Amino acid sequence: MSRPSLEVADILRRHGGAFRRAFEGRLSLGQLKVMSAIEACRTAQMGGHVARCDDCAHLAVSYNSCRNRHCRWRCQGAAANAWLAEREADLLPVPYYHVVFTLPAAIADIAYQNKAVVYDLLFKAAAETLLTIAADPKRLGARIGLTAVLHTWGSAMTHHPHVHCIVPGGGLSPDGQTWVACRSGFFLPVRVLSRFFRRLFLERLGRAHAAGELAFFNDLATLADRDTFTHHLAPTRRVECRVDGDVAAPIPHRPGRADFPHPVLHE
């Protein structure tokens with residue numbers, strides 16, 4: 001991965017101060033910490049080490065990186081490439097499916113104030129949905145595996161929590177002795193996945209609220225009340241939590257559109 005001539009760090013160092021002044025009081029502590037980390041990345045501010053050539057005595061100074069997960073090009077590029085290489089080594093010689101689970105806006109707002117709890121529920125509900133529906137003898141009747149990655153922002157840089165799942169097109173039979181392949185170009189029915197995921201997620205979100213695991217602030221403060229929370233979620237019980245997908249071929253490792261029917265279910 002080649003490094004671009006202009007990096008986010010360059011922009012923040014040049015305009016970060018003005019940006020902070022313009023949005024004073026509207027930036028969270030976490031956002032300010034990310035900005036500071038990226039601005040300081042691989043500068044003397046982070047410290048570093050000096051290497052000296054034994055032959056010519058040439059000195060080379062290397063400054064430490066911030067290792068912040070938002071510092072993509074300087075800190076996360078190599079780690080991302082290594083992760084992808086490891087995942088490619090795990091690929092089976094079968095088609096792979098890309099399935100995305102997305103939360104409705106009303107729940108995304110709750111997630112913004114309860115990231116750890118709601119993102120954990122999102123991961124677990126998405127995984128259990130795929131595992132359960134795939135194991136159903138009327139569907140695939142197999143034990144599958146999957147890799148899931150959380151995205152919290154959409155392409156428009158707005159809060160948009162969703163989980164990307166990469167799933168092989170089949171799995172092991174219940175006795176673990178044979179491979180059960182899905183139909184060519186079709187993995188699992190999207191509407192069934194959507195409704196199972198919706199029920200599972202809402203049940204667990206309700207239990208989290210009853211257990212006092214959720215916190216609410218500002219415009220959402222009234223949701224601390226049980227009845228208000230239940231009323232707030234009532235419309236989502238009729239909304240299709242969006243489940244979308246593509247087919248991804250293992251070699252080359254690039255997703256591509258498939259011709260199988262997979263209705264995109266909007267809010």
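Here the structure is a predicted model, which means the values were calculated and not measured.
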Could you go through residues 211-220 and list every donor-acceptor pair under 3.5 Å that involves a side-chain atom there, pairing it with any protein atom two or more places apart or in another chain?
none

Does [X] have any ring pair (Phe, Tyr, Trp, His ring centres under 6.0 Å) partners at least two apart in sequence or in another chain, and if so, which?
X: Tyr119; answer: none
X: His15; answer: none
X: Phe23; answer: Phe19

_Tell me whether Arg183 forms a cation-pi arrangement with Phe186, defined as NZ or CZ under 6.0 Å from the six-membered ring centre and within 45 degrees of its axis._
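Geometry flag: set, cation within 6.0 Å and 45°.
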
Mark yes or no for whether [X], through its side chain, and [Y], through its backbone, hold a donor-acceptor pair below 3.5 Å.
X: Ser194; Y: Val190; value: no
X: Arg26; Y: Ala22; value: yes
X: His209; Y: Leu223; value: yes

*If you group Ile, Leu, Val, Met, Phe, Trp and Tyr whenever their side-chain heavy atoms sit less than 4.5 Å apart, what else falls in with Val61?*
Val50, Leu59, Tyr63

*For the residue pair Leu12 and Glu39, what are the closest heavy atoms and their distance?*
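Between these two residues, the closest heavy atoms are O-OE2, 3.0 Å.
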
*Which heavy atom in Pro161 sits nearest to a heavy atom in His159, and how many Å separate them?*
CD-CE1, 3.7 Å

Given side chains that start at C-beta, do those of [X] and [Y] come closer than 4.5 Å, heavy atoms only?
X: Val34; Y: Leu32; answer: no
X: Val167; Y: Leu188; answer: no
X: Tyr96; Y: Val94; answer: yes
X: Phe101; Y: Cys165; answer: yes
X: Pro168; Y: Tyr97; answer: no
X: Leu103; Y: Ile110; answer: no
X: Arg20; Y: Ser36; answer: yes
X: Arg237; Y: Leu202; answer: yes

*Hey, would you say the His151 and His164 ring centroids sit under 6.0 Å apart?*
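Under 6.0 Å, so yes.
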
_For Thr228, all residues meeting side-chain hydrogen bond (donor to acceptor under 3.5 Å, both in side chains), sequence neighbours excluded_ = Asp225

*By side-chain hydrogen bond (donor to acceptor under 3.5 Å, both in side chains), which residues pair with Gln113, not counting sequence neighbours?*
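With sequence neighbours excluded, Gln113 shows a side-chain hydrogen bond (donor to acceptor under 3.5 Å, both in side chains) to no residue whatsoever.
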
If you measure from [atom1] on [X] to [atom2] on [Y], what distance do you get to the nearest 0.5 Å?
X: Glu7; Y: Cys41; atom1: CD; atom2: SG; answer: 8.5 Å
X: Lys33; Y: Cys66; atom1: NZ; atom2: SG; answer: 14.0 Å
X: Thr178; Y: Asp175; atom1: OG1; atom2: CG; answer: 5.5 Å
X: His160; Y: Thr152; atom1: NE2; atom2: OG1; answer: 10.5 Å

Please list, one pair per line, the donor and acceptor atoms closer than 3.5 Å that link side chains of residues 129-145 to other protein atoms, with sequence neighbours excluded.
from   : atom 1 : to     : atom 2 : distance (Å)
Thr129 : OG1    : Ala125 : O      : 2.7
Thr132 : OG1    : Glu128 : O      : 2.7
Asp136 : OD1    : Lys138 : N      : 2.9

My understanding is that only residues two or more places apart in sequence, or in another chain, count here; which of them pass salt bridge (charged side-chain N to carboxylate O under 4.0 Å, His left out) with [X]?
X: Arg199; answer: Glu203
X: Arg14; answer: none
X: Lys124; answer: Asp120

*For side-chain contact (heavy atoms from CB on, under 4.5 Å), just list the numbers for Thr236 and Phe201, CA-CA rounded to whole Å, side-chain angles, deciding distance to a tenth of an Å, and then say yes or no.*
CA-CA 11 Å; Thr236 67; Phe201 184 89; over 6 Å; no

*Using the side-chain contact (heavy atoms from CB on, under 4.5 Å) rule, take Phe123 and Val118 through it: C-alpha gap first, then chi angles, then the decisive distance, then the call.*
CA-CA 9 Å; Phe123 261 122; Val118 179; over 6 Å; no

*So which pairs with a foot in residues 41-60 pass ring pair (Phe, Tyr, Trp, His ring centres under 6.0 Å), sequence neighbours left out?*
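Listed once each, the pairs would be none.
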
_Just checking Lys115: does its NZ atom have more than 12 heavy atoms from other residues, nucleotides or ligands closer to it than 6.0 angstrom?_
yes

_Derivation of the side-chain contact (heavy atoms from CB on, under 4.5 Å) call for Ile166 and Leu146_ = CA-CA 6 Å; Ile166 301 298; Leu146 62 103; over 6 Å; no

